Amino acid sequence: MRGREDSEAVAEYDPQMIEAKWQKRWEEQRAFEADTESARSKYYLLEMLPYPSGTLHMGHMRNYTIGDAVARYKRMRGFNVLHPMGWDAFGLPAENAAIKHGTDPHVWTSRNIAEFKRALRRFGFSYDWRREISTCDPEYYGWNQWFFLRMLEKGLAYRKLSRVNWCPECATVLANEQVVNGYCWRHEDTQVEAKEIEQWFLKITQYADALLDDMAQLEGGWPERVLVMQRNWIGKSYGAKVRFAVAAASGGAGAEGDAIEVFTTRIDTIYGASAVILAPEHPLIPKLVAGVAGRGAIEAQLARLRQKIVRPIELATAEKEGIFIGRFAINPFSGASLPIWVANFVVMEYGSGAVMCVPAHDQRDFEFAEKYRLPKPIVVQPVSGQPLTPATLDAPYTDYGRLVNSGPYSGLSSEQAIERMTADAKAKGFGEPHTTYRLRDWGISRQRYWGTPIPVLYCERCGLVPVPDEQLPVLLPPNVRITGMGQSPLANVPEFVNTTCARCGGPARRETDTMDTFIDSSWYFYRYTDPHNSRAPFDFETVRYWFPIDQYVGGIVHAILHLLYSRFFCKVMRDLGLVDHSEPVKRLFNQGTVLKGGTAMSKSTGNIVAGEDMARQYGCDTGRLYTLFAAPPEKDLEWSEQGIEGCSRFLHRLFRLFARHAERLRGVAVGNPRPAELASATEKEKALLRKAHQTLRRITHDFEARWHFNTSVALIMELANELQSKEPLEQDASPGVVKEVLELLTLMLAPMAPHLAEELWEMLGHAGGLVAAPWPQFQEQLAKEEQIEVVIQINGRVRGKMLVEPGLGEEELYGRAVTDPRIAQLIASQRVVKKIVVRDKLVNVVVG
RNA sequence: GCCCGGGUGGCGGAAUGGCAGACGCUGGGGACUUAAAAUCCCUUGCCCCGAUCGGGGCGUGUGGGUUCGACUCCCACCCCGGGCACCA
């Protein structure tokens, strides 16, 4: 409790009162509503939409505080700022709650949204709430279905039986992107299993090259590491396909005339191949082993190998294991007969499911050959250094070099050989250039309830029938029993499943799988521009006005999943003629994680500081200031109760500073002295104006170029300290100048602690709101130092300092430095070897 | 293994070729108070010399280099964090 006995005590900073007051005011003013207009430049600022978990914690808060500071700054700079917010509302937690407590996902989710939104509004972020969207709203997910149908028409959505990643905990399929080292991305200790299921896929691979090439547009605007991660994920690799003919078997086995197709990026090493190795699921294997002697034993071992690969986690670390299956293949270049092996390290999903084994020039092949005593012929020699010999080869040589023992290709460089051998393979018909990708098509079927129903029917007569557009949205039926067991919950709802064929009117079944929720977040930012459009997902012209997103702010977790899918969707939309651009996001910023006790703040671990608790105790401006101050935005931030106390103290101090002077300054006109008047200004006035404008220059730079808001906050603190150190301000400083400096401080504080800034602005006598105030104009003249401290060094060590007027010539500076008595004394008996003079900075006298 | 990012006081961090440690936290001392809280003032990298004013040395993970001058640039290494990983 703060005592109020002292009758002279000035008003105290009351964040609760101030924050409620200004939030109400902003709402009445519709201060953050943005509409398409041509008069001003637009600025689309977006933060990643949250999953409404019910509790807003400091991790969320940091994300939105950074975004809000920039949004408010850009508004002050005169931009027409679009700053929306919505809910990524579909997903497993709602369903899990239904399984656990029997709550309806609709009810559970809307309750959480209400809760989260209330917490969010408590922070006064400058969102245009009219544009709020929720992905579980039929008005939204109906357009997911609409996009799906467009993709189906274009052949971009298709269905196939495929081996999928199955999480037993989620009881659903996961996309490749959702598997982390063989474990579920949501359940860190649940291993993903392999399962064969009919799935819907989106042909993201068709856009692999576009996704790669268009990254050129993102260079500079996106963090390099995100681009690297996406590039790796797409995993484009140039090479060649080469077919090895299967040699006739002695025991009358099959597959003669068949060839094993191998993908390699190093065709130049092909003369060094000592085996051909197949993936355990390779389709040719049964035929190959059909009549081989000892077939029973081989098949038993094969079965064991196949067992192993069920667990992808073991793939990375597992020992290489293989079996020779008793057959041979012919190296088309050398004519050599190579044993055919099956091994666990060759994966069917990549390349052609078969490799040539070149032990001397590949790490894996080397290890494999060591274990199974395969020969290691050397066919590439390093260009310089010791030549390789079989005796000394204790590691593979994997770099490019010069070919040896390679028939007609010996003597060529690897680069030349790759080109020529690929061409020759093509000419002779046993190979051709080939590019392969690591990227797989995006499996989007989920055997779950709380997602977008996939809008297709299965008719006994017509087969697969898309739901016609006019029947969209296909609504999620209410009151579905969710057990988490077995197939999609929708399959148990007869009134949903049983329908009539849109084509023939006969009986049909609905698809019961729902879409991956990453579909929802792949295009939501377009909907913000036109959130209530009932005829189209959005209006072309409106999107054209607002897009691309000028700045996107969010966590690094989404570097691949969300951001790659979004880029893919954008390209599909472009090809559908819905948008006129290829990349949705111009600039991306990944803020660091908020930690508590060294680990990330997250709902799932319960390791959180609730935003509302913090706001209740200190006020949200304090929280904002702290999250901006405690670390540069891209770095992780450790939550510190003492740190936030410090920020709270600062804002109270700032308030008192203003409260002391506001009364007498209210009616005063701002004194913004012109150069002529500056001459007659007092030292104190000049010092205050100088500090204020130096601060303005640096904070503007922080917002425009650096995004280091921690230093912006520090600068505001410095300016406040300067003012405080010049108390009493009414002495030797005109009210006009003091007011000018206080106003500058307020304007600069506005993006970071907006409620308090508004209050201070009002205290200074302004009727109009600060949200609409323009960012102040920096004045070089006022920021300029009259005297600069120049360092005097002798042999690079600081030995003295002097005050000089700025812009002094080098001769003059040096002259003054060496006449400094102390310096003169120190160099008296020495010979000056070199004179270094940096204007306005230092003089370095090198003596020897 | 490969590819990024990072290593600065007791702590978060500042300084991107020119006075290392801005700003904040913590600690210490003082003022106010009956007392405490709050607030305000001083102080706070380490070591040494000096009676005080003051002066000197060391110091940005380690070792080398470039430079009049290096936290900053270059080379090598160590450690921490992240991403990718039998990808042929």
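Nothing here was measured: the structure is a model prediction, and the numbers come from that model. Each chain gets a letter, A, B and so on, in the order its sequence line appears, and its residues count up from 1. Only heavy atoms go into these numbers, but all of them, side chains included; no hydrogens, no water, no symmetry mates.
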- Task: Report which part of the nucleic acid A/Val838 touches: base, sugar-phosphate, or nothing (heavy-atom distance under 4.0 Å, all strands).
- Result: base

- Provide the Watson-Crick or G-U wobble partner of B/G50, both distances under 3.5 Å; none if there is no partner. none

- Item | All side-chain hydrogen bond (donor to acceptor under 3.5 Å, both in side chains) counterparts of A/Gln617, not counting sequence neighbours | none

- Looking at the rings of A/Phe629 and A/Phe650, which for Trp means the six-membered one, are their centres under 6.0 Å apart? no

- In terms of side-chain heavy atoms of A/Lys841, which of B/G18, B/C84, B/G57 is nearest? B/G18

- How is A/Asn844 classified with respect to the nucleic acid when contacts are heavy atoms under 4.0 Å: base, sugar-phosphate, or nothing? base

- Message: Would you measure the distance from the P atom in B/U62 across to the matching atom in B/G10 and give it in whole Å?
- Response: 14 Å

- Between B/G69 and A/Asn795, is there an OP1 or OP2 to side-chain N/O distance shorter than 4.0 Å? no

- Message: Please classify the nucleic acid contact of A/Arg799 as base, sugar-phosphate, or nothing, using heavy-atom distances under 4.0 Å.
- Response: sugar-phosphate

- In whole angstrom, give me the gap between the P atoms of B/C71 and B/A20. 8 Å

- Message: Please report whether the ring centroid of A/Phe430 lies less than 6.0 Å from that of A/Phe244.
- Response: no

- Query: Going by an N to O cut-off under 4.0 Å, is there a salt bridge joining A/Lys241 and A/Glu432?
  - Reply: no

- Task: Using a heavy-atom cut-off of under 4.0 Å over every strand shown, decide if A/Val355 touches base, sugar-phosphate, or nothing.
- Result: base

- Could you check which nucleotide pairs with B/C73 in any of the strands shown, counting Watson-Crick or G-U wobble with both distances under 3.5 Å? B/G65

- Pick the C1' atom in B/A85 and in B/C2, then give their distance to the nearest Å. 8 Å

- Query: Paired with B/G24 by Watson-Crick or G-U wobble geometry, both distances under 3.5 Å: which nucleotide is it?
  - Reply: B/C11

- Item | Pairing partner (Watson-Crick or G-U wobble, both distances under 3.5 angstrom) of B/G5 | B/C80

- Which is true for A/Glu349 with a 4.0 Å heavy-atom rule: it touches a base, it touches only sugar-phosphate, or it touches nothing? nothing

- Message: Applying a 4.0 Å non-hydrogen cut-off, can you work out what A/Arg364 is touching in the nucleic acid: base, sugar-phosphate, or nothing?
- Response: base

- Contact class for A/Arg839 vs. all strands (heavy atom < 4.0 Å): base, sugar-phosphate, or nothing? nothing

- Task: Just call it for A/Gln363: base, sugar-phosphate, or nothing, with non-hydrogen atoms closer than 4.0 Å on any strand.
- Result: nothing

- Task: May I ask you to verify whether the side chain of A/Lys801 and the base of B/C19 hold a donor-acceptor pair under 3.5 Å?
- Result: yes

- A/Arg698 near the nucleic acid: base, sugar-phosphate alone, or nothing, with a heavy-atom cut-off under 4.0 Å? nothing

- Message: Using a heavy-atom cut-off of 4.0 Å across all strands, would you classify A/Lys635 as base, sugar-phosphate, or nothing?
- Response: sugar-phosphate

- Item | Heavy-atom protein contacts under 4.0 Å, nucleotides 23-28 of chain B, coded B base, S sugar-phosphate only, - none | BSSS--

- B/U39 - base-pair partner by Watson-Crick or wobble geometry, distances under 3.5 Å: B/A31

